[in-house]
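Data block below; observations after.
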Number of protein chains: 2
Amino acid sequence: MCSCHGPRHRNCHHQPGNKPERFIQPSLLLCLAEKSSYGYELIEQLGSFRLHSGNPDPGAVYRHLRRLEMEGYVESHWETGEAGPAKRMYTITADGISLLKAWAAELEERKAALEEYLHKYQKLTNK
Amino acid sequence: MCSCHGPRHRNCHHQPGNKPERFIQPSLLLCLAEKSSYGYELIEQLGSFRLHSGNPDPGAVYRHLRRLEMEGYVESHWETGEAGPAKRMYTITADGISLLKAWAAELEERKAALEEYLHKYQKLTNK
DNA sequence: TCATCTATATGCTATTAACATATAGATGTT
DNA sequence: AACATCTATATGTTAATAGCATATAGATGA
């Protein structure tokens with residue numbers, strides 16, 4: 001029974017299924033390492049990652065992008081040529097590639113940590 | 001370059017290595033499914049999990065335990081017989097076992113999600 | 001004209017990890 | 001006896017973030 005109530009708790013964080021996603025940053029970096037892109041498109045791309053159940057919050061994505069730029073991991077410029085409203089196109093920098101690499105190592109470690117946990121769980125249930 | 005400064009930012013969350021641990025609850029449940037235990041001992045046990053880099057924050061552990069009890073996933077009683085100060089011994093309930101099972105399924109899913117991400121990363125770097 | 005789609009952005013709240021500190025009984029040392 | 005240390009539990013505060021709501025505006029189509 002979750003102690004959370006009200007409209008802000010449709011996705012309560014206290015139960016396993018309702019995960020806080022902390023993977024917006026590494027996902028953005030991976031997408032941008034593949035090709036330059038912009039917020040609206042990146043939102044759709046992240047939506048297809050298993051790490052994100054459905055499209056991520058647009059607000060979160062735009063804020064992450066601005067921050068990554070402020071910190072020098074990506075660069076942006078306005079693209080006005082194409083159809084529709086102007087897009088802010090983002091390109092990953094060398095620092096961004098380094099950060100992505102660090103994320104990959106970290107996520108590899110987390111995978112191993114999860115495997116350890118699940119192994120312990122298996123050992124318990126097979127007793 | 002992280003925009004975080006000051007004493008509260010020795011462990012900045014924005015960089016891969018500085019992970020927020022969101023695994024105290026499932027770790028506690030797994031330990032308690034193995035055997036009844038108490039806060040101080042559980043802190044040490046969690047410290048040996050790869051999911052936790054070093055001993056977790058005692059405050060966090062004690063609060064998690066109280067909340068798990070409030071929500072019916074564990075039960076506790078004071079143990080005064082042994083040496084040292086009294087211990088609040090925790091025992092997992094049937095609901096707690098169910099919750100643990102749900103956590104295991106969720107962490108299995110997260111492991112798969114991480115594998116997907118890392119596979120994409122590998123594909124990129126092998127180009 | 002109006003609705004809808006594309007696109008970016010900001011404001012607010014709840015939750016949580018991290019950090020700091022408080023309390024107190026038990027044990028060991030001089 | 002006095003004192004430090006260890007065991008054990010607990011609370012107060014802050015910073016960071018996910019999630020939700022909302023604002024803005026140009027482009028497209030009916």
Side-chain angles (χ1 to χ4, degrees), chain A residues 2-15 17-28 37-46 51-70 76-90, chain B residues 2-15 17-27 37-46 51-67 69-70 76-90:
Chain A
C2 179
S3 63
C4 295
H5 303 292
R8 300 244 164 218
H9 291 96
R10 265 172 254 158
N11 292 307
C12 172
H13 289 190
H14 306 139
Q15 296 300 321
N18 306 314
K19 61 180 159 187
E21 312 182 8
R22 240 162 242 266
F23 300 107
I24 293 178
Q25 208 193 72
S27 302
L28 288 175
S37 185
Y38 56 99
Y40 196 82
E41 188 180 52
L42 287 161
I43 289 165
E44 311 263 300
Q45 283 172 32
L46 295 214
L51 279 171
H52 307 273
S53 37
N55 282 12
D57 176 43
V61 170
Y62 288 114
R63 265 190 276 243
H64 269 280
L65 287 169
R66 300 306 292 274
R67 226 187 85 198
L68 283 169
E69 181 167 31
M70 232 177 54
S76 78
H77 67 269
W78 285 100
E79 202 111 310
T80 47
E82 284 115 279
K87 308 162 182 19
R88 193 193 278 271
M89 289 293 293
Y90 285 94
Chain B
C2 179
S3 63
C4 293
H5 304 292
R8 299 247 164 213
H9 290 96
R10 266 173 252 158
N11 292 306
C12 172
H13 289 190
H14 306 138
Q15 296 301 322
N18 306 313
K19 58 181 162 189
E21 311 182 9
R22 241 161 239 267
F23 301 107
I24 293 178
Q25 210 194 70
S27 302
S37 186
Y38 58 99
Y40 196 83
E41 188 179 53
L42 287 161
I43 289 165
E44 312 264 298
Q45 283 173 33
L46 294 214
L51 278 172
H52 308 273
S53 37
N55 282 12
D57 175 43
V61 170
Y62 288 114
R63 265 190 275 243
H64 269 280
L65 286 169
R66 300 305 292 273
R67 225 187 86 200
E69 180 167 31
M70 232 177 55
S76 77
H77 67 269
W78 285 99
E79 202 110 311
T80 46
E82 284 116 279
K87 308 159 177 30
R88 193 192 278 273
M89 289 294 295
Y90 285 94

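Throughout, protein chains are lettered first and strands after them, A, B, ... in sequence-line order, and every chain is numbered starting at 1.
- Between B:I43 atom CD1 and C:dC19 atom P there is a gap of 15 Å when expressed in whole angstrom units.
- Remark: B:I24 CD1 to B:R63 CZ distance equals 10.5 Å, nearest 0.5 Å.
- Between the C1' atom of D:dT7 and the CG atom of B:N55 lies a distance of 14 Å, rounded to the nearest Å.
- Contacts between residues 57-66 of chain B and DNA chain C, defined by a heavy-atom separation below 4.0 Å, involve B:D57, B:R63, B:H64, listed by number.
- At whole-Å resolution of the value, OH in B:Y90 and C1' in D:dT9 are 9 Å apart.
- For C:dT8, neither phosphate oxygen OP1 nor OP2 lies less than 4.0 angstrom from any side-chain nitrogen or oxygen of A:Y38.
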Contact list (N/O, under 3.5 angstrom) for nucleotides 27-30 of chain D vs protein:
residue: D:dA27; atom: O3'; partner: A:G84; partner atom: N; Å: 3.3

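- The shortest heavy-atom contact between A:L28 and A:L42 is CD2-CB, 3.9 Å.
- Nearest heavy-atom pair, A:N55 versus A:E44, reported as atom, atom and distance to 0.1 Å: ND2-OE2, 3.6 Å.
- The distance between atom CD of B:Q25 and atom P of C:dT16, rounded to the nearest whole Å, is 9 Å.
- Between A:H64 and A:V61, every side-chain heavy-atom pair lies at or beyond the 4.5 Å cut-off.
- Partners of A:S37 by side-chain hydrogen bond (donor to acceptor under 3.5 Å, both in side chains), not counting sequence neighbours, listed by chain and number: A:E41.
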Give every donor-acceptor pair under 3.5 Å between a side-chain atom in residues 80-90 of chain A and any protein atom, sequence neighbours left out.
residue: A:K87; atom: NZ; partner: A:A83; partner atom: O; Å: 3.4
residue: A:R88; atom: NH1; partner: A:S76; partner atom: OG; Å: 3.3

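- When rounded to the nearest whole Å, the span between CD1 of B:I24 and C1' of C:dA17 equals 7 Å.
- For the pair A:E79 CD and C:dT6 P, the interatomic distance rounds to 18 Å; values are reported in whole Å.
- You'll find the side chain of B:I43 reaches within 4.5 Å of the side chain of B:Y62, heavy atoms only.
- If you take OH of A:Y40 and P of C:dA9, they are 15 Å apart, rounded to a whole angstrom.
- Atom pair B:Q45:CD and D:dT7:C1' shows a separation of 16 Å (rounding to whole Å applied).
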